[in-house]
Amino acid sequence: MSDLGPEQGMTPAEIDERVNAILRAASLAEKIAMMSGKGFLEQIRADNREWGKRPYKAGGGIERLSVPNLWFTDGPRGVARGQSTCFPCSMARGASFDVTLETRIGEAMGIEIRAQDCNLSGAVCINLLRHPAWGRAQETYGEDPHHLGEMGAALATGIQTHNVIATVKHFVLNSVENTRFQIDVEIAEDVLHEVYLPHFKRVIDAGCASVMSAYNKMNGEYCGQHRYLLTDILRHDWGFAGFVHSDWLLGVYKPYGASAGLDIENPEPIVFGDKLQAAVETGHIEPAVIDTACRRILTTLYSFAAAEDPLDEYGTDLVASETHTLLAREAAEKSCVLLENDGTLPLDASKISRLAVVGKPADRANTGDFGSSRVNAPYVITPLEGLRAMLGEERVAFADGADEQGLSTAIGSADAVIVIAGYTADDEGEYIPGDLVPQMPDEVKAAIPPNEGEAPEPRGGDRASLSLPADQIDLIRSAKQSGKPVVVVLVAGSAVVVEEWRDGVQAILQTFYSGMEGGHALARILFGAVNPSGKLPFTVARDPDDYPFFDREALAITYERWHGYTKFDIEGLQPRYPFGHGLSYTAFSYRALSARDVGDAIELSVSVRNIGERSGTEVVMAFVGPPQTDDACPRRLLRAFTRIELKPGEAGRVRLSIAKTDLHRYDAARRTWYLDRGTYTLQVGGEMVTVLL
Ligand code: BGC
């Protein structure tokens, strides 16, 4: 029998039987071929490096037996293929604290992935933002593990709704970019389990069916061949049944990665392939290792292929459809964070006869970095275009700031000045070396076709500074000197230190990289059609030295327990803007917080009232303070959050549930979790209650 392909409607038992049949029928070479991607390097070269021009074969597939391939496409700001919807970057969506929105975005991505012939997505990036200079900060959701887990689980669930296998990445400790291929992260067991792993477990518990290993090392071993990570923790402790694939090129170095728990080497068989086959044939690797990996790949592939599709068809007309682009706008509106406002915002269009929009980024289609997550959207509304669409061309004067005359003319004629400042793909992002294969060992290099023509300039990487570039600070100063109201809009993947220029500015907003509809969203926020509701998913320091040690050249680093708000709390540091900060055009009050122990969980209830004059949405966050205050115990941890929309004067009850297991601490000596007994403090919006556990 040669047709062993999947069929819709197969039961788990039938899938099992089919997988067994494939494993019986396939040769060792065919099985090993399933354990790697193939063809990517030739394709990307033939396509003149145009990213996402085709689906990339990422393992699976035996043509002779009709076993389908895994076809990969990237994320997370949209589908990195064709001309897809470009959503705001993950960090922006993190600021929305909106898991329902994130699931809807996942569904939209799932549809666009299916419509473009892929079945495996690399969109769920949840590495912890340990330091805001991390180049790929924009691809993740923030600094807090609970929040990361909830947002990642929402995205994975949405994507998988359309029977696309979601990949959660990069497992694990991938929070430095420039040296990601070499860096060795030293970490203590309790810190690993309590700070850097819980969000991965949360996403896997939500059903995310595949994992991408990280490039970096953990405690001396590469993550892509780390048995403790890929087998002991992932499979034994967490019961993960899906497959693990490597990050692309340089994700695994030795065939023993397969025995350690890596099922697929992507995107080419450089370390697996012939070398893995030889290792099996010479008895260095058990044949059972190959069968186990293939079983995981096939069972996942077949379970998704057999499931009923929510849509009858996935036509290309669904890609960047109006529904999806409106969703991108909604996400941009919900994720913008109003950092400061002295009442200047919202602007009243009837009182602004002319608006000055200044700064180069104002007329840039700036949706984020140029790495693997780059989305080629059919159009991008820049801040300038959004404001012109709202006010009319003639009421918006633009100056990029390059010449003083142009700048003073634009500002001189205006009633208010909007400075668009921040970064681009040159300043931060995935590090794209000029050569596709930078620091590779010779034997790996030999397997890779050389560049044709000149290699492009390297770009992206970790940020060199947390401040704005000097020319932008000068621009803000010039705007302030005009005496007109000045609003600064920050376009950045994470924290920007504002100390040098914030005095005398009337309002500051952070839009992050706000996607293809960002310009419209910004205009609607500035003029009050939308009330901002985003909250910072990270801490903004006054002094960059308040963050943990970071060195973008480091080849070794220790990840301590403390980063973000836990570090600021324990060291008594005063942030400029704390985690969770974000203003609204209205205000909210909290009362009557209560907590109930319901066995496995603590249930919280609190009343929130809109005490201002505009409708608005409040993000309600519950932090838990522990009974102990020993050296290894954060003073508070975010353990639940939700959003509530309220009209002026309206009050609503918010209910939140905190699983007791989420309060557990890790006992490294016993490799087990335990609950500290005693009185826990629960804080919600300035209200506080205690529970005895
Ligand atoms: C990135 C991954 C990405 C992969 C495939 C790698 O360089 O680290 O996040 O999924 O490329 O595009």
Side-chain angles (χ1 to χ4, degrees), residues 336 338-367 380-428 463-492 496-514 518-528:
C336 176
L338 181 60
L339 296 171
E340 309 228 3
N341 185 19
D342 69 353
T344 297
L345 294 183
L347 298 169
D348 181 346
S350 69
K351 296 197 180 119
I352 301 273
S353 51
R354 226 173 146 77
L355 188 70
V357 178
V358 304
K360 276 195 212 104
D363 75 339
R364 258 206 182 151
N366 188 7
T367 60
V380 177
I381 306 295
T382 65
L384 183 61
E385 285 168 344
L387 286 160
R388 285 194 162 148
M390 170 154 292
L391 292 180
E393 205 60 31
E394 60 301 335
R395 286 169 71 194
V396 180
F398 170 64
D400 68 5
D403 77 292
E404 263 175 46
Q405 188 52 47
L407 183 65
S408 63
T409 313
I411 294 180
S413 65
D415 304 305
V417 187
I418 313 291
V419 185
I420 313 285
Y423 306 115
T424 66
D426 290 328
D427 308 302
E428 60 176 359
R463 246 197 257 163
S465 158
L466 300 185
S467 297
L468 287 179
D471 60 332
Q472 298 189 6
I473 296 179
D474 288 346
L475 198 59
I476 297 173
R477 289 198 177 120
S478 309
K480 286 196 292 192
Q481 275 159 15
S482 72
K484 312 264 166 98
V486 177
V487 177
V488 178
V489 175
L490 294 174
V491 180
V496 177
V497 170
V498 299
E499 302 308 302
E500 298 140 283
W501 51 265
R502 69 175 270 279
D503 276 347
V505 163
Q506 278 63 46
I508 308 174
L509 296 130
Q510 181 149 354
T511 59
F512 308 91
Y513 299 100
S514 52
H520 284 144
L522 175 66
R524 282 158 60 80
I525 284 173
L526 290 175
F527 285 91

Given 3.5 Å as the limit, does a donor-acceptor pair link the side chain of [X] with the main chain of [Y], or not?
X      : Y      : answer
Lys480 : Val486 : no
Asp363 : Thr382 : no
Arg354 : Ala397 : no

Could you check whether any side-chain heavy atom of [X] comes within less than 4.5 Å of a side-chain heavy atom of [Y], counting everything from C-beta outward?
X      : Y      : value
Phe527 : Leu387 : yes
Val505 : Val498 : no
Ile420 : Phe398 : no
Ser478 : Leu407 : yes

Subject >> Over 12 non-hydrogen atoms of neighbours within 6.0 angstrom of CD in Glu394 >> reply: yes
Nearest heavy-atom neighbours spanning [X] and [Y]:
X      : Y      : result
Ile381 : Gly386 : CG2-N, 3.6 Å
Ala362 : Pro383 : O-CD, 3.2 Å
Ala416 : Leu347 : CB-CD2, 4.5 Å
Arg502 : Ile508 : CB-CD1, 4.0 Å
Pro361 : Gly422 : CG-N, 4.4 Å
Arg477 : Glu500 : NH2-O, 3.3 Å

Kindly compute the distance separating [atom1] ([X]) from [atom2] ([Y]), expressed to the nearest 0.5 Å.
X      : Y      : atom1 : atom2 : answer
Ile476 : Leu468 : CD1   : CG    : 5.0 Å
Leu355 : Asp415 : CG    : CG    : 8.0 Å
Glu340 : Leu509 : CD    : CG    : 10.5 Å
Lys484 : Ser413 : NZ    : OG    : 7.0 Å
Lys360 : Asp471 : NZ    : CG    : 5.0 Å
Thr424 : Tyr513 : OG1   : OH    : 6.5 Å

Original post:
When Val491 is tested against each of Thr367, Val496, Thr511 for side chain to side chain contact (heavy atoms under 4.5 Å, CB included), which residue passes?
Top reply: Thr511
